[in-house]
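Heads up: numbering here begins at 1 and tracks the sequence. The model shown is predicted, which means the values in this text are computed figures rather than measured ones.
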Amino acid sequence: MKKFLTSDRLYLRMLTTKDSELIYKLNSDQEVMKYVREPDTKESAKASLEKYLKFYDGNGLGIWAAHQIDDDEFIGFFIFRKYTGTEDIEIGYRIHKKYWGMGYATEMTKVLVDYGFDVLEMREMFAVTDPENKVSEKVLKKCCFRNAGTTEKYYGQKLNYFKIT
């Protein structure tokens with residue numbers, strides 16, 4: 001398995017069609033999905049994975065499986081992609097609750113931001129959070145994203161909008 005990016009404790013790799021069960025276990029958790037949407041069933045998890053696989057562009061954009069370096073344990077995924085129908089680059093993550101509070105979201109988001117600016121020479125990236133998701137807001141602020149108000153442009157609902165330039 002080819003590693004895309006690494007941090008001190010994590011590595012990212014491309015998702016594959018064989019990852020359906022991993023996505024199901026992550027996306028079916030009510031707490032993990034609380035601020036996102038309804039949890040997946042086995043069938044909708046397969047559809048979610050098929051959707052995720054379409055975001056790879058060959059230049060580093062996509063939805064990336066995240067694993068711990070020391071034991072290869074799947075912890076979730078990181079979003080680093082063009083938002084559908086736009087040129088806007090989105091950063092996000094979804095992590096199993098067993099790994100919440102360990103600093104993984106901040107650690108890998110910083111790596112993705114650095115990669116976007118230093119390697120891909122991006123000018124701006126964005127992230128959105130549910131207004132009630134204060135933990136993700138805190139992560140984004142630690143990664144130097146600034147709150148730019150609210151938007152309904154993404155995901156069809158009013159979300160807090162963060163960007164980094």
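Linking ILVMFWY residues whenever their side-chain heavy atoms come closer than 4.5 Å, directly or via other members, places V113 and I63 in the same cluster. Residues L140 and Y35 do not share a hydrophobic cluster, defined by chaining ILVMFWY side chains whose heavy atoms lie under 4.5 Å apart. A continuous path of Ile, Leu, Val, Met, Phe, Trp and Tyr side chains, each step under 4.5 Å between heavy atoms, connects L5 with M102, placing both in one hydrophobic cluster. In the hydrophobic clustering of ILVMFWY residues, with side-chain heavy atoms under 4.5 Å counting as a link, L120 and I79 come out together. Hydrophobic clustering (ILVMFWY, side-chain heavy atoms < 4.5 Å, transitive): V119 and Y56 are in one cluster.
Note that the CH2 atom of W64 and the NZ atom of K3 stand 14.0 Å from one another [nearest 0.5 Å]. Atoms CG and NE2, from N27 and H96 in turn, are 9.0 Å apart once rounded to the nearest 0.5 Å. Here the NZ atom belonging to K46 is positioned 13.5 Å from the CD1 atom belonging to I23, to the nearest 0.5 angstrom. With rounding to the nearest 0.5 angstrom, the CG atom of L12 is 9.0 Å from the NE2 atom of H67. Rounding to the nearest 0.5 angstrom, the gap separating the OG1 atom in T165 from the CZ atom in F117 is 6.5 Å. We find the CG-CG distance between L159 and N133 to be 10.5 Å, quoted to the nearest 0.5 Å.
Nearest heavy atom pair, residue P131 against residue N160, reads CA-ND2, 3.4 Å. Closest approach of V128 to Y161, counting heavy atoms only: CG1-CD1, 4.2 Å. Closest approach of C143 and I164 over heavy atoms only: O-CD1, 3.4 Å. Pairing each heavy atom of V36 with each of V32, the nearest pair is CG2-O, 4.2 Å. Listed here is the closest heavy atom pair of S7 and V111: CB-CG2, 3.8 Å.
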Might you work through the side chain to side chain contact (heavy atoms under 4.5 Å, CB included) test for Y99 and Q68, ending with a clear yes or no?
CA-CA 10 Å; Y99 301 105; Q68 293 182 123; 3.8 Å; yes
Could you go through the side chain to side chain contact (heavy atoms under 4.5 Å, CB included) check for L61 and M122 one step at a time?
CA-CA 12 Å; L61 297 180; M122 295 175 174; 3.6 Å; yes
What do the steps show when you test E31 against K34 for salt bridge (charged side-chain N to carboxylate O under 4.0 Å, His left out), and what is the final call?
CA-CA 5 Å; E31 287 181 77; K34 178 178 180 179; over 6 Å; no
Test side chain to side chain contact (heavy atoms under 4.5 Å, CB included) on T109 and F145 and set out the steps.
CA-CA 10 Å; T109 297; F145 280 78; 4.1 Å; yes
Please report the C-alpha distance between Y154 and D88 in whole Å, then the side-chain angles of each, then the deciding distance to 0.1 Å, and finally whether the side chain to side chain contact (heavy atoms under 4.5 Å, CB included) criterion is met.
CA-CA 10 Å; Y154 309 104; D88 302 344; 2.6 Å; yes
Report the C-alpha separation of Y52 and D19 in whole Å, then their side-chain angles, then the decisive distance to 0.1 Å, and conclude whether the side-chain hydrogen bond (donor to acceptor under 3.5 Å, both in side chains) test is met.
CA-CA 11 Å; Y52 301 160; D19 291 322; over 6 Å; no
The test is side-chain hydrogen bond (donor to acceptor under 3.5 Å, both in side chains); show your working for S136 and Y93 and say whether it passes.
CA-CA 9 Å; S136 281; Y93 53 85; 2.8 Å; yes
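Below 30°, between 30° and 60°, or above 60°: for Y83 and F126 the angle between ring planes is above 60°, a perpendicular geometry.
Salt bridge present: K141 and E137 bring a charged side-chain N and a carboxylate O closer than 4.0 Å. A salt bridge links R81 with E90; the closest basic N to acidic carboxylate O contact falls under 4.0 Å.
Side-chain atoms of R37 and S44 include no donor-acceptor pair closer than 3.5 Å.
Inter-residue side-chain proximity for R146 and K163 is flagged as met; some heavy-atom pair is nearer than 4.5 Å. Counting only heavy atoms from C-beta outward, the side chains of K82 and E87 approach each other to under 4.5 Å.
Annotation: F4 is in aromatic contact with Y115 [ring centroid separation under 6.0 Å].
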